[in-house]
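Working notes, beginning with the structure itself.
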Amino acid sequence: MPFLKDTVTLVKEPQQLPAIPLSWLPPSVFAAFNVTLLLFLSGLFFGFPCRWLVQNGEWAFPAITGPLFILTFFSLVSLNFSDPGILHRGSTKEDPMMVHVVRVNQRAFRLEWCSKCLFHRPPRTYHCPWCNICVEDFDHHCKWVNNCIGHRNFRLFMLLVLSLCLYAGALLVTCLTFLIRTRHLPFSLDKGMAILVAVPAAGFLIPLFLLLLIQALSVSRAESSYESKCRYHPEYNPFDQGFAKNWYLTMFAPLGPNYMSEVVCLQRPVGTAWIQEKTKSSPPCRPKHCSPGPLGPQHQPRHVPGKGPPGSGEAAALQEMRRLPASAEKSPGGPCQPTAEPAAGDP
């Protein structure tokens, strides 16, 4: 039976999993160090200069710096573990020589083939060499949090930069106020801790403010940091829809579906489970009862990118797998109906 033979061949050749980079430890340690540094400096601030101000009736400083610290810490930790918009990997059956073209505001984009993720990536989607993933609306890879910044976590990144600017400014103003109020007192541990906190706060404030300004300009022009470096739009930017709409689409519009929520099961090491379920649910017809026709597995229609949202090809495959038991009642050979199971002695 050629159908069973081909099926066994497919089962015996599992899909190769992508190689995981081995240099994941140093970036992870650096990201953990940044979180620890924030906690350490904040502990010194609230334990020494802020405590002295509270004891002398200055409650306005902790009332402002306290919520800013909570907001900064929450956004920093959340960004470390956020999904930047990962597009699930394709299949080895995809043809890299096929040409897919989509149009955005009367400009044609040819979908580039990603040799590592094995699919034609949509416009503004790029492969991150550090994370070894394709990210939708890729902006840049942030080494401070050891994560990519893309479609699904760009708002969280902007919140982190804004909260860091405000928190660093509040720390600097509070420490300077404390040093001015205690200038008539001899040097003490509180003054030493205030200087230790004020110096890094002032050092981080200017770069953070410049980064916030650059990102605000990028949002206004609908151009990511990666595209501005590579001059992705030399003539005009087809994604630019005006200042107000660019900010709305980037910061407030719905994010859309998470492509890794349901399709992640297709990346398991047992990538041939779909084929096994298909062969079990649709037993082949015996040749003497079948009408003449080609034998073999039916080919599913190929998903053409640009006719749906990015990543919808594997999502359609997942829905097809869910509908498979219902459609397996019909024989793939046409008018032939599947016969009963043969007896033990039948050939």
Starting from the C-alpha separation in whole Å, work towards a yes-or-no answer on side-chain contact (heavy atoms from CB on, under 4.5 Å) for Gln215 and Met158. CA-CA 8 Å; Gln215 293 295 334; Met158 292 292 290; 3.5 Å; yes
Among the clusters formed by ILVMFWY side chains lying less than 4.5 Å apart, do Leu160 and Leu68 turn up in the same one? yes
For residues Val101 and Leu111, determine if any side-chain heavy atom of one lies less than 4.5 Å from a side-chain heavy atom of the other. no
Linking I/L/V/M/F/W/Y whenever any side-chain heavy atoms sit under 4.5 Å apart, do Val173 and Leu166 land together? no
Would you name the heavy atoms of Asp190 and Pro49 that are closest together and state the gap between them? O-CD, 4.5 Å
Assess the residue pair Thr182 and Trp52 against the criterion (side-chain hydrogen bond (donor to acceptor under 3.5 Å, both in side chains)); give the C-alpha distance rounded to whole Å, side-chain angles, the decisive distance to 0.1 Å, and a yes or no. CA-CA 10 Å; Thr182 59; Trp52 187 91; over 6 Å; no
Within 45° of the six-membered ring axis of Phe138 and under 6.0 Å from that ring's centre, is NZ or CZ of Arg124 located there? no
Around atom CD1 of Ile206, are there more than 12 heavy atoms from other residues, nucleotides or ligands closer than 6.0 Å? no
Kindly state whether the ring of Phe119 and the ring of Trp113 have centres lying under 6.0 angstrom apart. no
Does Phe252, at its CZ atom, have more than 12 non-hydrogen atoms belonging to other residues, nucleotides or ligands within less than 6.0 Å? no
Phe30 atom CZ, neighbour heavy-atom count above 12 within 6.0 Å: yes
Shortest non-hydrogen contact between Asn80 and Ala31, atoms and distance: OD1-CB, 3.5 Å
For the student: nearest non-hydrogen atoms of Val135 and Gly150, plus distance: CG1-CA, 3.9 Å
Check whether any side-chain N or O of Asp83 sits under 3.5 Å from a backbone N or O of Arg152 as a donor-acceptor pair, and report yes or no. no
Can you tell me if Asn246 uses its side chain to pair, donor with acceptor, with the backbone of Gln241 under 3.5 Å? yes
Output yes when a side-chain donor or acceptor of Lys191 lies under 3.5 Å from a complementary backbone atom of Leu185, and no otherwise. yes
Look at the side-chain heavy atoms of Ile, Leu, Val, Met, Phe, Trp and Tyr, link any pair under 4.5 Å apart, and say whether Ile214 and Tyr226 land in one connected group. no
Is it the case that more than 12 heavy atoms not belonging to Phe73 sit under 6.0 Å from its CZ atom? no
Is there a chain of hydrophobic side chains (I, L, V, M, F, W, Y, each step under 4.5 Å between heavy atoms) that links Val161 to Val77? yes
If Ile, Leu, Val, Met, Phe, Trp and Tyr residues are connected whenever their side-chain heavy atoms lie under 4.5 Å apart, and connections chain through other members, are Tyr126 and Ile149 in the same group? no
Given Thr177 and Glu58, is the side-chain contact (heavy atoms from CB on, under 4.5 Å) satisfied, shown in steps? CA-CA 11 Å; Thr177 303; Glu58 301 288 347; over 6 Å; no
Geometric class of the Phe109/Phe239 ring pair [parallel <30°, tilted 30-60°, perpendicular >60°]: tilted
pair Trp59-Val54: side-chain heavy atoms closer than 4.5 Å: yes
Centre-to-centre under 6.0 Å for Phe157 and His140, is that the case here? yes
Can any side-chain N or O of Asn34 pair as donor or acceptor with the backbone N or O of Trp144 at less than 3.5 Å? yes
If you take the centroid of each ring, where Trp contributes its six-membered ring, are Phe45 and Phe178 closer together than 6.0 Å? no
Trace of the side-chain hydrogen bond (donor to acceptor under 3.5 Å, both in side chains) decision for Asp139 with Ser224: CA-CA 5 Å; Asp139 188 83; Ser224 64; 4.7 Å; no
Closest non-hydrogen atom pair between Tyr248 and Pro254, with its separation: OH-CD, 4.3 Å
Quick check against the 3.5 Å criterion: does Asn105 have a side-chain atom that pairs as donor or acceptor with the backbone of Pro238? yes
Hey, is the main chain of Leu53 close enough, under 3.5 Å, to the side chain of Asn56 for a donor-acceptor pair? no
Separation between CG (Leu159) and OG (Ser75), nearest 0.5 Å, reads 5.0 Å
